[in-house]
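A quick write-up on the structure given underneath.
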Amino acid sequence: MPEITTVPDAGDAGEVAERTVATGTQAWELFRDDPTIIAARVNETLRDLAYVVQDGDRVSGVAIDSPDGRAILRHSTAHVMAQAVQELHPEAKLGIGPPITDGFYYDFDVAEPFTPADLEQIETRMRRIVKEGQRFSRRPVSDGEALSELAEEPYKVELIGLKGGTGGPGGTEAVAEAAEGASVEVGAGELTIYDNLRRDGSLAWKDLCRGPHLPTTKRIPAFKLMRSAAAYWRGDERNKQLQRIYGTAWESKEALAEHLYRIEEAERRDHRRLGRELDLFSFPDELGSGLAVFHPRGGVIKREMEDYVRRRHIEEGFEYVGTPHISKEGLFHTSGHLPYYADSMFPPMQMEGADYYLKAMNCPMHNLIFRSRGRSYRELPLRLFEFGSVYRFEKSGVVHGLTRVRGMTQDDSHSYVTPEQAPGEVKHLLEFCLGLFRDFGLDDYYLELSTRDDSKPDKFVGSDEDWASATAVLEQVATDSGLELVPDPGGAAYYGPKISVQCRDAIGRTWQMSTIQYDFNQPKGFGLEYQAADGSRQQPVMIHSAKFGSIERFIGVLTEHYAGAFPPWLAPVQVQAIPIAERHHDYLREVAGRLAERGIRVEVDDSDDRMQKKIRNAQLQKVPFMLIAGDRDVEEGAVSFRYRSGDQDNGVSVDDAIERVVDAVRRRVQV
RNA sequence: GCCGCUUUAGCUCAGCUGGUAGAGCACUCGCCUUGUAAGCGAAAGGUCGUCAGUUCGAACCUGACAAGCGGCUCCA
């Protein structure tokens, strides 16, 4: 028997050992000592363990708890789910079933949407398939063979026809996602079908798939179906909606349990829930969807943010202005918004023969301020700033807590600059934004560069040259920042490209917060000009920027980031004074009075609850500091200084306690 | 906007096949006067999201609308 040489790749250790094995050796034989290996990486390509190694192959094992291993596990579980669905619902047609972050999904065309009871039934059937230990068996097929074998699967047939035709530059995110999902099915090279074979070798099920897969269904340690939902075929709302089932799969029951626990944790820090529990804000039905009211405690956070950002804008050379909430429609024609965004604006109100719109953006109004008199180059950069309340008619299905609302306040600014000043101004604004993130304790973020989609010229205005130079300015500044920069093709505003700060909250979701947009179009539309040093009239560039983005969204993200335990400087109540008995009320009122003189938000809990209950209430409200006083403390002129964490220092003098609180607030530290 | 689900007291939830509502916490009032996450008791609180329809009778069945939730699409 001829022998061939393979080179197992030791991976992280960096050691490469040569090994000579018999011809026909399959990858699994190289890893028979390691039960966590469920696939092989051969010359950078992922393969089934049934792969027959070739002379010179570099082979390393893929562990089930590695990122690739989990993706293979999840994709294999998606197959098992699809098999179970078709066994229970033979009429179901298959869409696509890729692995995703933390799980997988599979789309089905079925007459009736799945019910929770259906999901349970499917899960039960899946367990049976897992128990049967069906083998995933790879089989290359020609296009013709695939088409005839899968003639009953119209969506698969479409994907076969699509092979190589998806993706490419300029695709929207949705198309890219569909293409990504489809790539799991058809890949780039030859077509393959995976047969699920029972122990006796009979065919249980098959699916068009690029693979690789686990060796057998038995290797699925833990999974759970999460929910069903509708999704448009290939991510296009003009297509039919399929029924999608989401599931998750993990390398062990423990890992699954941890994942489910993380989901519960995320629910506990959901700002919609904390907003109610901490009495921060609400969304009264009477107002309508996506319209928030801030309660006194949420109002404190909002006010601290506003005070901060107003002061910072003034420090950074901005001038505070004010503009109304509505305008005659002509303004939004001049700005160019109406043709693009009429659907996203509240419908107009008619009055005295004119149509008035609620504003969805502030820039046109700032342009009017710029244009209100002749401007000199000496005034530039001219920087206008305000808290602009804007209203956007978000589709009913997308409204979400404070992070996607219909009425919001932007800390909006517009810098009017010469083209030469633009790079410096963009840099200035980006540094401003990053400083703000630092002060608010958000440190997990990245930049996104949103550019024009060249394949959709009707969505963008302006010349190619203008777009290219504007994009180059933003890209340069973003790159110089040294921060992670993610491209967002097609995400630009119609009038120009933008940099945005995408913030990750503690549970990994990302939100667009700050934006800096380069606009060479509106100045033209408004006929903005300044007189240059040589006496000529020149057109300024305007740079739009919002630092928080929207006050509402920022509060939502901040609430989730801190899980409601705001740092002292933002906490609605900074100190809860807790008397042990009624005779200590006056003592603590005096302490509270001294704190209030120092600008501290302090409350004395003079209810007739037990002191244990008062502590519990303060903890539940996530108050950072509790000052507790009983006989001993009064005697010593001290307090028991309890932190939110449960740590406590007893016998702290009142002077010291006040300084501790004031200092923590002043330094904006978290405690 | 699309698909599915949900809506009962301030909050979290019960309420069997249709016979017109219940708990815990919170709130109010008493009692208790307390040393590190829930003291005891009482009272009060709901035209069961809204409007129609079916029925002798609707929280429950049907429809429309509204709001919420999970996705999809969208997001200046």
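Order of the sequence lines fixes the chain letters, A, B, ..., with proteins taken first and strands second; residue numbering starts at 1 for each chain. Here the structure is a predicted model, which is why all the values come from computation and not from measurement.
- Dashed line: the shortest gap from a side-chain N or O of A/R272 to OP1 or OP2 of B/rG70 is under 4.0 Å.
- Side-chain to base pairing of A/Q241 with B/rC2: one donor and one acceptor N or O lie within less than 3.5 Å of each other.
- Nucleic acid contact class of A/G290 (heavy atoms, under 4.0 Å, all strands): sugar-phosphate only.
- Using a 4.0 Å heavy-atom criterion, one finds that A/Y495 contacts the sugar-phosphate atoms exclusively.
- When side chains are defined from C-beta on, A/T248 does not count as touching A/L225, because their heavy atoms never get closer than 4.5 Å.
- A donor-acceptor distance shorter than 3.5 angstrom exists from the side chain of A/N521 to the backbone of A/Y495, with no hydrogens or angles considered.
- Within the cation-pi definition used here (under 6.0 Å to the ring centroid, within 45° of the axis), A/R406 qualifies as a partner of A/F393.
- As judged by a 4.0 angstrom heavy-atom cut-off over every strand, A/Q243 is placed among residues touching the sugar-phosphate backbone only.
- Counting only Watson-Crick or G-U wobble pairs whose defining distances are both under 3.5 Å, the stems of 3 or more consecutive pairs in RNA chain B are B:1-7 with B:66-72, B:10-13 with B:22-25, B:28-31 with B:39-42, B:49-53 with B:61-65.
- Pairs of residues two or more places apart, or lying in two chains, that qualify as salt bridge (charged side-chain N to carboxylate O under 4.0 Å, His left out) and include a residue from residues 571-591 of chain A are A/R583-A/D631, A/D586-A/R589, A/R589-A/D606.
- Within 4.0 Å (heavy atoms only), A/N650 reaches at least one base atom of the nucleic acid.
- Of the candidate nucleotides B/rG1, B/rC72, B/rG70, B/rG70 has the atom lying nearest to any side-chain atom of A/H400.
- Judged by distance alone, with hydrogens and angles left aside, the side-chain atoms of A/N617 form no donor-acceptor pair with the main-chain N or O of A/K614 at under 3.5 Å.
- Between B/rU12 and B/rA26, the distance separating the two P atoms is 15 Å to the nearest Å.
- Annotation: the span from A/E448 atom CD to A/S500 atom OG amounts to 4.5 Å, rounded to 0.5 Å.
- Between A/K613 and B/rG39 there is a side-chain N or O to OP1 or OP2 distance below 4.0 Å.
- By the stacking rule of 5.5 Å between ring centres and under 30° between planes, A/Y341 stacks on the base of B/rA76.
- Rounded to a whole Å, the OH atom of A/Y340 is 14 Å from the P atom of B/rA76.
- The same atom, C1', is picked in B/rC16 and in B/rC60; the two are 11 Å apart, to the nearest Å.
- Side-chain atoms of A/M611 lie closest to B/rU34 of the nucleotides B/rA76, B/rC3, B/rU34.
- Taking atom C1' on both nucleotides, B/rU54 is separated from B/rU62 by 7 Å, rounded to a whole Å.
- Rounding to whole angstrom units, CZ of residue A/F281 and P of B/rG10 are separated by 20 Å.
- The residue A/F114 sits apart from the nucleic acid: no heavy atom pair falls under 4.0 Å.
- Not a single donor-acceptor contact under 3.5 angstrom links the side-chain atoms of A/R227 to the base of B/rC5.
- Residues A/R644 and A/K459 both approach RNA chain B. Their nearest nucleotides, taken by heavy-atom distance, put A/R644 toward the 5′ side.
- Regarding A/L620, its CG atom lies at a distance of 21 Å from the P atom of B/rG10, rounded to whole Å.
- Residue A/A231 is classed as a sugar-phosphate contact, given heavy-atom separations below 4.0 Å to backbone atoms only.
- Between A/Y494 and the phosphate of B/rC75, there is no side-chain N or O to OP1/OP2 separation shorter than 4.0 Å.
- A donor-acceptor contact under 3.5 angstrom links the side-chain atoms of A/S640 to the base of B/rG35.
- Within 4.0 Å (heavy atoms only), A/D608 reaches at least one base atom of the nucleic acid.
- A/H584 places its NE2 atom 9 Å from the C1' atom of B/rG35, with the value rounded to the nearest Å.
- Residues A/M408 and A/R553 form no side-chain contact, since every pair of their non-hydrogen atoms from C-beta on lies 4.5 Å or further apart.
- Taking the P atom of each, B/rC74 and B/rC11 are spaced 35 Å apart, rounded to whole Å.
- Taking 3.5 Å as the limit, the base of B/rC74 and the side chain of A/R404 contain a donor-acceptor pair of atoms between them.
- In this structure A/H259 satisfies the ring pair (Phe, Tyr, Trp, His ring centres under 6.0 Å) test together with A/W250, sequence neighbours excluded.
- B/rU7 sits 15 Å from B/rG15 when the C1' atoms are compared, rounded to a whole Å.
- Of the candidates B/rG71, B/rA38, B/rA76, B/rA38 carries the atom nearest the A/Q612 side chain, counting heavy atoms from C-beta on.
- If you check distances only, the side chain of A/E582 does reach the base of B/rU33 with a donor-acceptor pair under 3.5 Å.
- Phosphate contact (OP1/OP2 of B/rC75, side-chain N/O of A/R553, threshold under 4.0 Å): absent.
- Between the C1' atoms of B/rA23 and B/rA44, the separation comes to 16 Å (whole Å).
- Residue contacts for A/T115: at a heavy-atom cut-off of 4.0 Å it reaches no nucleic acid atom on any strand shown.
- One interatomic measurement links the two molecules: CZ of A/R273 to P of B/rG68, which rounds to 19 Å at whole-angstrom precision.
- Of the side-chain N and O atoms in A/S396, one or more sit less than 4.0 angstrom from OP1 or OP2 of B/rG1.
- The cationic atom of A/R244 (NZ for Lys, CZ for Arg) lies less than 6.0 Å from the six-membered ring centre of A/Y105 and within 45° of the ring axis.
- Protein atom CD of A/E277 is 18 Å distant from nucleotide atom P of B/rG10, rounded to whole Å.
- Taking atom CZ of A/R234 as the reference point, atom P of B/rC2 lies 23 Å away to the nearest angstrom.
- Between the base of B/rG71 and the side chain of A/Y232 there is no donor-acceptor pair shorter than 3.5 Å.
- B/rC32 sits 22 Å from B/rU36 when the P atoms are compared, rounded to a whole Å.
- Between the side chain of A/D631 and the base of B/rG35 there is no donor-acceptor pair of N/O atoms closer than 3.5 Å.
- Partner of A/Q621 under the side-chain hydrogen bond (donor to acceptor under 3.5 Å, both in side chains) criterion, out of A/Q576, A/R297, A/R644: A/R297 alone.
- Rounded to whole Å, the separation between the P atoms of B/rA9 and B/rU50 comes to 10 Å.
- Cation-pi check for A/R660 over A/F641 is met; the charged atom lies under 6.0 angstrom from the ring centroid and within 45 degrees of its normal.
- Among the nucleotides B/rG70, B/rA76, B/rC3, the one closest to the side chain of A/P113 is B/rC3.
- In this structure, NZ of A/K395 is placed 17 Å from P of B/rG71, rounded to the nearest angstrom.
- The base of B/rA67 does not come close enough to the side chain of A/S289 for any donor and acceptor atom to sit less than 3.5 Å apart.
- If you find the closest nucleotide of RNA chain B to A/S607 and to A/T515, the one lying nearer the 5' end belongs to A/S607.
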Residue pair A/S335, A/F526: steps toward the side chain to side chain contact (heavy atoms under 4.5 Å, CB included) verdict: CA-CA 7 Å; A/S335 71; A/F526 277 87; 3.6 Å; yes
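- At the heavy-atom level, A/R632 lies under 4.0 Å from base atoms of the strands shown.
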